[in-house]
J.: 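If you scroll down you'll find the structure; I have some questions about it.
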Amino acid sequence: MNGEEIVELKNVTKYFEKGFIKKVRNYAVIDVSLKIRKGEIITLIGESSCGKTTLGRIVAGLIRPSKGKVLWFGKDLWRMSKREFNRYRPLIQVVHQDPYASLNPTRTIYQILSPIIKKYYKPKSKSDLLREVKNLLGYVGLTPPDYFLNKYPHHLSGGMKQRLAFARSLIPKPKLIVADEPVSMIDMSLRLSVLGLMKKLNEDLGIAFIYISHDIATARFFADKATLALMYLGRILEIGSMDEVIRTPMHPYLRAILSASPIPDPRIAKRRRKIELKSLEVPREVVQLKGCPFSPRCPYSEDVCFENTPSLKRCSGHEVACHLVDKLPEWVPPWQVMV
Ligand code: SF4
């Protein structure tokens with residue numbers, strides 16, 4: 001085992017079956033392999049229902065994959081003894097999208113945090129416990145801590161609730177936090193501060209993150225060090241260092257997303273080259289496994305795209321799943337267009 005690897009997914013597929021007489025499989029994740037190493041940030045980007053939340057839950061051990069392997073610290077998660085599982089479980093935490101639903105509304109902040117601190121730190125006295133709770137609140141920016149101790153979750157803004165959720169996840173000293181759309185339900189003005197907190201946890205404590213989002217703009221907050229993985233209908237279509245991928249996006253789907261992103265400078269917006277898709281409809285349920293998942297919408301598709309599923313291959317310093325990647329027309333991201 002490489003000591004740096006926290007989680008490894010090997011050819012993971014997850015499907016859900018429906019129907020009584022004739023069962024139909026809906027695929028949420030298809031043949032995904034991914035490694036998450038110590039201190040790394042992986043941003044998992046994709047539109048709703050592309051499988052990114054299911055993948056995050058598989059990483060966190062909350063869902064068992066239908067096929068493939070999940071390794072935690074080099075060991076097969078679903079073959080671990082209960083003792084091993086209990087040892088590793090606290091090291092991989094999840095922060096959910098909805099801060100309103102993830103905190104018990106009948107408990108004060110002190111009552112939410114103190115039992116977990118008692119369990120993991122075993123403080124010797126009540127004053128030690130209180131000090132630990134205050135330190136934690138101060139660390140995540142809920143200051144002054146005395147003001148927050150006896151507040152209930154409904155007294156907090158969305159951003160503060162997410163800070164509290166991160167504070168709670170920090171207590172077991174995790175190696176990895178799966179943050180599932182942590183800023184999508186909070187005000188635009190507070191998003192940056194929560195993303196900044198994640199960056200601080202990564203830089204100060206070396207915690208690795210899987211940041212799941214449908215919003216490529218917030219993912220770019222981590223551009224200096226993150227890996228970007230683009231998901232579509234259960235598959236990863238492009239993956240590499242975010243800097244690199246954003247500078248030279250190769251997959252037609254990523255190009256289409258970037259070409260449609262709002263641009264504040266009207267001079268640049270006017271000159272950008274939009275990519276017209278064959279269809280704007282995204283299939284909601286994936287039952288068809290043959291061919292490129294983007295082929296019904298891709299403006300460049302050829303026969304091969306409908307017959308064979310492309311696998312990830314190296315191109316322009318990162319990996320892209322497209323049969324025709326070497327034949328695609330040149331395309332310059334809008335922000336690199338000279339005015
Ligand atoms: Fe488009 Fe074909 Fe590439 Fe798929 S494999 S993205 S359909 S060109």
Side-chain angles (χ1 to χ4, degrees), residues 9 11-15 25-34 42-52 54-55 67-68 212-217 219-220 227-261 272-337:
L9 305 181
N11 306 99
V12 162
T13 293
K14 177 69 191 174
Y15 53 77
R25 288 180 178 175
N26 288 323
Y27 286 80
V29 174
I30 306 169
D31 198 21
V32 169
S33 296
L34 194 67
I42 296 188
T43 60
L44 210 50
I45 302 299
E47 50 201 89
S48 304
S49 309
C50 72
K52 55 192 190 304
T54 305
L55 191 63
K67 289 184 203 165
I212 297 172
S213 178
H214 62 273
D215 180 4
I216 207 160
R220 288 181 72 187
T227 296
L228 186 147
L230 176 76
M231 272 193 92
Y232 184 76
L233 296 184
R235 296 181 189 274
I236 291 183
L237 299 187
E238 186 153 1
I239 183 168
S241 110
M242 179 161 333
D243 222 24
E244 179 76 48
V245 173
I246 295 288
R247 215 166 349 106
T248 50
M250 298 306 295
H251 199 282
Y253 175 53
L254 182 58
R255 290 180 175 187
I257 294 177
L258 295 176
S259 80
S261 310
R272 73 169 148 194
R273 260 179 51 215
K274 274 207 170 188
I275 296 182
E276 301 297 338
L277 300 179
K278 281 197 222 159
S279 153
L280 298 176
E281 289 294 314
V282 186
R284 286 289 142 215
E285 292 176 340
V286 188
V287 290
Q288 172 64 271
L289 292 180
K290 201 172 140 194
C292 168
F294 196 53
S295 53
R297 300 173 71 197
C298 181
Y300 312 113
S301 55
E302 295 182 3
D303 289 352
V304 62
C305 307
F306 296 93
E307 288 302 317
N308 303 318
T309 307
S311 44
L312 287 166
K313 62 179 180 191
R314 200 100 195 132
C315 176
S316 281
H318 51 279
E319 289 178 77
V320 187
C322 171
H323 290 304
L324 309 179
V325 70
D326 300 321
K327 289 165 59 180
L328 293 175
E330 208 186 318
W331 184 78
V332 181
W335 45 90
Q336 288 175 28
V337 173

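Every number for a ligand or one of its atoms is a count from 1 in the order of the listing.
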J.: Counting only heavy atoms closer than 4.0 Å, does ligand 1 sit against the backbone of Pro252, its side chain, both, or neither?
T.: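 Side chain only.
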J.: Heavy-atom distances under 4.0 Å decide this one: backbone, side chain, both or neither, for His251 against ligand 1?
T.: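 Within the 4.0 Å criterion, His251 contacts ligand 1 through side-chain atoms alone.
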J.: Please report the closest heavy-atom contact between His323 and Lys313, naming both atoms and the distance.
T.: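 The pair with the smallest heavy-atom distance is O-NZ, 4.2 Å.
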J.: Output the list of atoms in ligand 1 that are nearer than 4.0 Å to some heavy atom of Ser295, sorted by atom number.
T.: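 This gives 7 (S) as the contact atoms.
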J.: Can you tell me if Arg255 and Tyr300 form a side-chain donor-acceptor pair at under 3.5 Å?
T.: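 No pair is found: no donor N or O on one side chain lies under 3.5 Å from an acceptor on the other.
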J.: Nearest to atom 2 (Fe) of ligand 1, what protein heavy atom do you find, and at what distance?
T.: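 The answer is Cys305 SG, 2.3 Å.
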J.: Taking all non-hydrogen atoms of both residues into account, name the closest pair between Ile236 and Leu34 and its distance.
T.: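 Answer, listing the atom of Ile236 first, then Leu34: CD1-CD1, 4.2 Å.
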J.: Checking Glu307 against Lys290 for the salt bridge (Lys or Arg N to Asp or Glu O under 4.0 Å) test, could you report, in this order, the C-alpha distance in whole Å, the side-chain angles of both residues, the deciding distance, and whether it holds?
T.: CA-CA 6 Å; Glu307 288 302 317; Lys290 201 172 140 194; 3.5 Å; yes
J.: Which atoms from ligand 1 have a heavy atom of Cys298 less than 4.0 Å away?
T.: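 Answer, ordered by atom number: 1 (Fe), 6 (S), 7 (S), 8 (S).
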J.: Looking only at protein heavy atoms, which one is nearest to atom 3 (Fe) of ligand 1, and what is the separation?
T.: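 Sorting protein heavy atoms by distance from atom 3 (Fe) of ligand 1 puts Cys322 SG, 2.3 Å first.
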J.: Among protein heavy atoms, which lies nearest atom 5 (S) of ligand 1, and at what distance?
T.: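 For this ligand atom, the closest protein heavy atom is His323 N, 3.3 Å.
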J.: Under the criterion side chain to side chain contact (heavy atoms under 4.5 Å, CB included), which of Val320, Leu44, Leu254 is the partner of Leu230?
T.: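 In the set Val320, Leu44, Leu254, the residue that makes a side chain to side chain contact (heavy atoms under 4.5 Å, CB included) with Leu230 is Leu254.
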J.: Just checking: Cys292, one of its N/O/S atoms, less than 2.8 Å away from atom 1 (Fe) of ligand 1, yes or no?
T.: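 Not a single backbone or side-chain N, O or S atom of Cys292 is under 2.8 Å from atom 1 (Fe) of ligand 1.
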J.: Evaluate the side-chain contact (heavy atoms from CB on, under 4.5 Å) criterion for residues Ile42 and Ile239: first the C-alpha distance (whole Å), next the side-chain angles of each, then the deciding distance (0.1 Å), finally the verdict.
T.: CA-CA 10 Å; Ile42 296 188; Ile239 183 168; 5.7 Å; no
